[in-house]
Amino acid sequence: FVWAQTLSLFLMHNRLIAEAEENERRLATENAMLDRVNHMKTEFLANISHELKTPLTIIGTYAQSARRSLPKTEGLEETQKMMERIDGETARLAIMVSQLLDVSRIDEGRMFFEKKPESLVEIIQSVLENYYPYFAKNHNKLSYHRSGATPTVICDRNRIVQILINLISNAAKHTREGDISITSGIDGAYAYVEVSDSGEGIHPEQMAHLFDRYYTKNDETRPGIQTGTGLGLFICKYIVEGHGGEITVASTPGSGTAIRFTLPLAQS
């Protein structure tokens, strides 16, 4: 009887081990399939983004050219407005496509930074000069305040420009006839940039998700607000941390938002 029980336990033990090994093999196969599907999805995003960029660039170029060539005479004002809308929406779509392309690069580990010494103040000033009409389109007042010395940082200039455009655009989108302020300075071994606004602010339950991928700050009471792809801040965080910096948010509902990011100073 004891021998029979021992044999039964031995056989049960072996069966459980065999089942566990089979489950492990099945799980490994399923994980491999999921990895392949995820890789295919990432490749698809990258390919479709590349394909979309060319026609968007052409459309945007012709829209700008047509808008500039229209005479500013009575009767053509409505046409001018339509061309401006086409130009603006083309630019917005181009940003979305670029964000999808960036996410595919992040997923594949192919987002690289070409870092070199840059004047942070000069980068900020160039962004404000080139995009001021877009940032001030909701009758907002835009100002830049430099605190102390002019910091030199080691960075990928194009990626820092991308961050600034995203942060200031977000501030402009959620502020009406208010103030948007950009401040830069030095804090220890880091330079900082802060973009603050007097807009609608962010609810506490939304704060924890701001840098999540695909998270959009939807507001059903304001259907006219464009929410975008929910990728902008996710990409900004990745870029800042890839430079050895940090990005933080402070906000009070109804009293505006301030987003600050830091970058290591160049060694003197």
Side-chain angles (χ1 to χ4, degrees), residues 31 34-35 37-38 41-42 45 49 92 95-111 113 124 127 135 138 140 153 155-156 159-176 178-185 187-264:
N31 285 336
L34 287 173
D35 288 341
V37 169
N38 189 56
K41 178 206 70 175
T42 302
L45 283 176
S49 298
R92 191 166 74 93
I95 289 174
M96 292 182 184
V97 170
S98 294
Q99 288 176 343
L100 289 173
L101 187 55
D102 279 340
V103 167
S104 71
R105 290 191 183 109
I106 291 171
D107 286 343
E108 291 288 295
R110 294 186 293 104
M111 180 179 276
F113 304 117
I124 296 170
V127 169
F135 296 149
N138 291 328
N140 294 312
V153 295
C155 71
D156 184 323
R159 291 301 181 180
I160 303 308
V161 167
Q162 180 180 350
I163 292 172
L164 289 168
I165 291 173
N166 186 278
L167 297 185
I168 303 173
S169 296
N170 283 349
K173 182 164 58 178
H174 296 285
T175 306
R176 294 288 186 278
D179 297 307
I180 300 172
S181 176
I182 298 91
T183 307
S184 68
D187 185 4
Y190 293 84
Y192 69 84
V193 179
E194 182 170 291
V195 178
S196 59
D197 62 67
S198 60
E200 62 196 36
I202 304 169
H203 293 287
E205 61 271 18
Q206 297 173 322
M207 290 286 285
H209 303 287
L210 282 182
F211 296 105
D212 291 352
R213 186 190 302 219
Y214 303 123
Y215 178 75
T216 57
K217 194 167 76 71
N218 293 316
D219 185 352
E220 295 178 358
T221 65
R222 301 182 67 188
I225 298 295
Q226 297 166 338
T227 56
T229 61
L231 293 172
L233 290 178
F234 167 78
I235 295 169
C236 285
K237 186 174 188 289
Y238 185 90
I239 295 171
V240 170
E241 292 180 349
H243 280 74
E246 183 182 15
I247 186 167
T248 56
V249 185
S251 183
T252 302
S255 299
T257 301
I259 300 184
R260 171 182 287 219
F261 69 92
T262 60
L263 297 169

- Message: Within the 4.5 Å heavy-atom criterion, are Ile235 and Phe211 side-chain neighbours or not?
- Response: no
- Query: At their closest point, which heavy atom of Ile165 faces which heavy atom of Ser169, and how far apart are they?
  - Reply: O-OG, 2.6 Å
- Task: Please report the closest heavy-atom contact between Ala171 and Val195, naming both atoms and the distance.
- Result: CB-CG1, 4.2 Å
- Query: Do the side chains of Thr248 and Ile259 get nearer than 4.5 Å, heavy atoms only?
  - Reply: no
- Query: Checking side chain to side chain contact (heavy atoms under 4.5 Å, CB included) for the pair Ile202/Val249: CA distance, chi angles, key distance, verdict?
  - Reply: CA-CA 10 Å; Ile202 304 169; Val249 185; 4.2 Å; yes
- Can you check whether Asp179's main-chain N or O pairs, donor with acceptor, with Asn140's side chain at less than 3.5 Å? no
- Task: Nearest 0.5 Å please: distance from the CD1 atom of Ile124 over to the CD1 atom of Ile160.
- Result: 10.0 Å
- Note on the structure: Here the gap from Ile163 atom CD1 to Leu167 atom CG, rounded to the nearest 0.5 Å, amounts to 7.0 Å
- Please assess Asp102 against Leu231 for the test side chain to side chain contact (heavy atoms under 4.5 Å, CB included), listing each intermediate value before the final yes or no. CA-CA 9 Å; Asp102 279 340; Leu231 293 172; over 6 Å; no
- Query: For Gly201, does its backbone N or O pair with a side-chain atom of Ser251 as donor and acceptor, under 3.5 Å?
  - Reply: no
- Taking all non-hydrogen atoms of both residues into account, name the closest pair between Asn138 and Ala172 and its distance. ND2-O, 2.8 Å
- Task: Nearest 0.5 Å please: distance from the OG atom of Ser104 over to the CD atom of Gln99.
- Result: 12.0 Å
- Item | Tyr192 and Leu263: CA distance, side-chain angles, deciding distance, side chain to side chain contact (heavy atoms under 4.5 Å, CB included) verdict | CA-CA 6 Å; Tyr192 69 84; Leu263 297 169; over 6 Å; no
- Task: Measure across Phe135 and Ile180 and return the closest heavy-atom pair with its distance rounded to 0.1 Å.
- Result: O-CD1, 4.2 Å
- Spacing of Glu194 atom CD and Ser184 atom OG [to the nearest 0.5 Å]: 11.0 Å
- Criterion salt bridge (Lys or Arg N to Asp or Glu O under 4.0 Å) on Asp107 and Arg213, from CA distance to verdict: CA-CA 12 Å; Asp107 286 343; Arg213 186 190 302 219; 2.9 Å; yes
- Note on the structure: Output for pair (Arg105 CZ, Leu101 CG), nearest 0.5 Å, gives 3.5 Å
- Take Val193 and Ile182 through the side chain to side chain contact (heavy atoms under 4.5 Å, CB included) test and state the conclusion after the steps. CA-CA 7 Å; Val193 179; Ile182 298 91; 4.1 Å; yes
- Query: Taking C-beta and beyond as the side chain, do Tyr190 and Val153 meet within less than 4.5 Å on heavy atoms?
  - Reply: no
Listed pairs under 3.5 Å, donor-acceptor, residues 239-247 side chains, sequence neighbours left out:
unit_1	atom_1	unit_2	atom_2	d
Glu241	OE2	Lys237	NZ	2.7
His243	ND1	Ile239	O	2.8
His243	NE2	Asp156	N	3.0

- Note on the structure: Heavy-atom closest pair (Thr175 atom, Ser198 atom, distance to 0.1 Å) is CG2-OG, 4.0 Å
- Do Cys155 and Pro264 have side chains that get closer than 4.5 Å, going by heavy atoms? no
- Message: Just verifying a value: how many Å separate Ile168 CD1 and Asp197 CG, rounded to the nearest 0.5 Å?
- Response: 11.0 Å
